[in-house]
Amino acid sequence: MEKLNPNIFSSLFPFPFIINALKNPGALLSLSFLCKTCNFEDCIKFSLCGDYDSVKTCARNLNFVRLQTRNFGPVVVFGVILEQKLSNIPRKHHRVLENHLVKFSAIRDSLNKLDRVFDDINSKLETEKASFNLLHDIKPSASLIFRNAEKLIGQSSGSDFYEKFENSSEAVKALYKSVVLMENRMAMANIYANPESASFGALSSTGIFRLLHMLVRTFSSLADAKKLTLRMDGRSFNTPNIYSSFLAIPFVLIDNAIKYSLKEQEIVVSANDLNSGKVEIIVKSFSPHIKASDQAKIFEKGFRCESSQHLSDRGAGLGLYIAKIVAEAHNTKINLITTTPSPPINGISYCHNSFTLVI
Amino acid sequence: MNLLNWIKSLFSSKKQNNLPLDNPSFNEIKRRIKIVVIDDDPDSFPTDLFKNDGYSIDSLQQIDSQILQRLENSAWDIIVLDIQGVVDAKITIDEGLGILRRIKKISPNQIVIAFSGQSYDLGKMEFFKLADDTINKPVTYLQAKEKIDKIISEKISIDNFIKTIRCLLEKEGLNSGEIIEIEKKLRLKNSELSPSKLLSEVKSQIVEKVKNPETILALVERMYSLWKS
């Protein structure tokens, strides 16, 4: 594991310390006036190659000691009084240096505590990383599934892949659509783990209407299974510049709409041109009313409102959180407009929820 | 010469003196450009489908010193590069990132697409940021094709080639006047010479003025082969 940032250390460690040959005040004990005006820097030289746990005395009669840590590398605590009696310091400095009289055991205890805390944090981080490495190990298998699905399509008649897809059986088409859904979900996992990846790759001018239409076609089987009507609407020819990650936004909105819509209702995905080359996207569905107090929270990591939990025990509350990350990478924002809720159906109030954004 | 022939000669000389020499369709350009996919997993990229669709695409699983030289000399127009498991440790310990750094140092305008499923890894960000574009793994054919087609439409252009050549000429220490002169000839402007004669002249000029002309000459040849009839 890499050594942690010294800034983290300085906010937690009580005593003045040196890491990477730089002096830092402690979180509780600042630099003494003797250290602030010192030009000898014995402690800094010692920090680069001194013995561990060996208490030294500097030219200003203060102590310094080099200690090993697991998470921060070698640390030198300096500008304190450890072994020498206070009487060795000139009387005029006694009052101000009284606070710098510390026990070696106190320093050692602080460091051990910090190391234990960060061992625990690192262990949790390693577990998270292992989960993503496991996901990474699944990817070659996923690639194989994709290639085999494409081979099945290749067996259909047609002059190119698109034609062959159209001429494939419904089962093969459904398989390929599942593959596309899998592809998008795995891409979203990457964004969750590393939000900066939402802006990887080049911005590219893209026909939004065509993109949404492709997505609607991909989700059509899932919508059909729930007896939902999923359709496109609007008119858009603008081609705003977007990253590859942008697809995650309509993906999440449509996925959620299908997951939470009342049966036999309609989901409408629309794209309309605005001035200056922008496009307004709206995903509208008849789904559980989201109360005003929850409307901002639904974009928070892990949040699922009560009705969502009631309708489906699947879901970690990450979809809209990821969509928000991608929206921010595109300097835009997802808004929610709700209508008046209906009388409850099976204990849940429904309304028309419209998730909108401008790109 | 009669009046009609004189008028015809005016038009034919104009046609000779301006690029593109012909105006290849997107399908023709896609057939002419060279793509290489470098990945130790042969199933990760839908190479066969690209070949079936008329793209000129090579697939490599490992980079050795010979291939590295070809990469550095812009032997391919687009490189799709995996981050791990593709390089002999004798060449670089930094794997795909090490190769990407080398290519970008020598040919900053070489198009390289980062092809990896590790965009989640904070430690690998430099690889993705240094590349011109990204394709996440796993990828479907349609998604990969969309990305490649966009790059061909937006970046494979005469202007891009000339920008790369200009960059290399500047590195070789030519002054702006010399570069403009070469550039004009590359764009085949205002000349009575045929395109092939003009290019021959440009190549001689490059050989005369540049210490290491091989990479630049290869690019000139490549540009000409993409756009000539």
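Throughout, a chain's letter reflects where its sequence line sits, starting with A, and its residues are numbered from 1. Computed over heavy atoms, backbone and side chain alike; hydrogens, waters and symmetry mates excluded.
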Self-check item: Salt-bridge criterion met for A/Glu170 and A/Lys173 (N-O under 4.0 Å)
Solution: yes

Quiz prompt | Charged tip of B/Lys145 within 45° of B/Phe50 ring normal and under 6.0 Å | solution = no

Quiz item: Aromatic rings A/Phe161 and B/Tyr141: how do their planes relate, parallel, tilted or perpendicular, breaks at 30° and 60°?
Solution: perpendicular

Quiz item: Non-hydrogen atoms of chain B under 4.5 Å away: do they reach the side chain of A/Thr206, the backbone, both or neither?
Solution: both

Self-check item: Carboxylate-amine/guanidinium contact B/Arg166 B/Glu170, below 4.0 Å
Solution: no

Self-check item: Among the listed options A/Met214, A/Met182, A/Arg210, the residue most often paired with chain B at heavy-atom distances under 4.5 Å
Solution: A/Arg210

Quiz prompt | Lys/Arg-Asp/Glu bridge criterion (N-O < 4.0 Å) met for B/Glu126, B/Lys129 | solution = no

Self-check item: Short N-O contact, B/Lys137 and B/Asp82, less than 4.0 angstrom
Solution: yes

Quiz item: Given a strict heavy-atom distance threshold of 4.5 Å, which part of A/Ser205 is in contact with chain B: side chain, backbone, both, or neither?
Solution: both

Quiz item: Of all of A/Ser244, A/Ser204, A/Ser199, which one pairs up most often with chain B through heavy atoms under 4.5 Å apart?
Solution: A/Ser204

Quiz item: Are any of the side-chain nitrogens in B/Lys30 or B/Asp149 under 4.0 Å away from the carboxylate oxygens of its partner?
Solution: no

Practice problem: Please flag which part of A/Tyr192 lies under 4.5 Å from any non-hydrogen atom of chain B: side chain, backbone, both or neither. | Solution: neither

Quiz item: Does any heavy atom of chain A fall under 4.5 Å from the side chain of B/Asn136, the backbone, both, or neither of them?
Solution: side chain

Practice problem: Using non-hydrogen atoms and a 4.5 Å limit, figure out which bit of A/Ile191 sits close to chain B: side chain, backbone, both or neither. | Solution: neither

Quiz item: Where on B/Leu142 is there a heavy atom nearer than 4.5 Å to chain A: the side chain, the backbone, both, or neither?
Solution: both

Quiz item: Considering only heavy atoms, which portion of A/Phe165 lies under 4.5 Å from any heavy atom of chain B: side chain, backbone, both, or neither?
Solution: neither

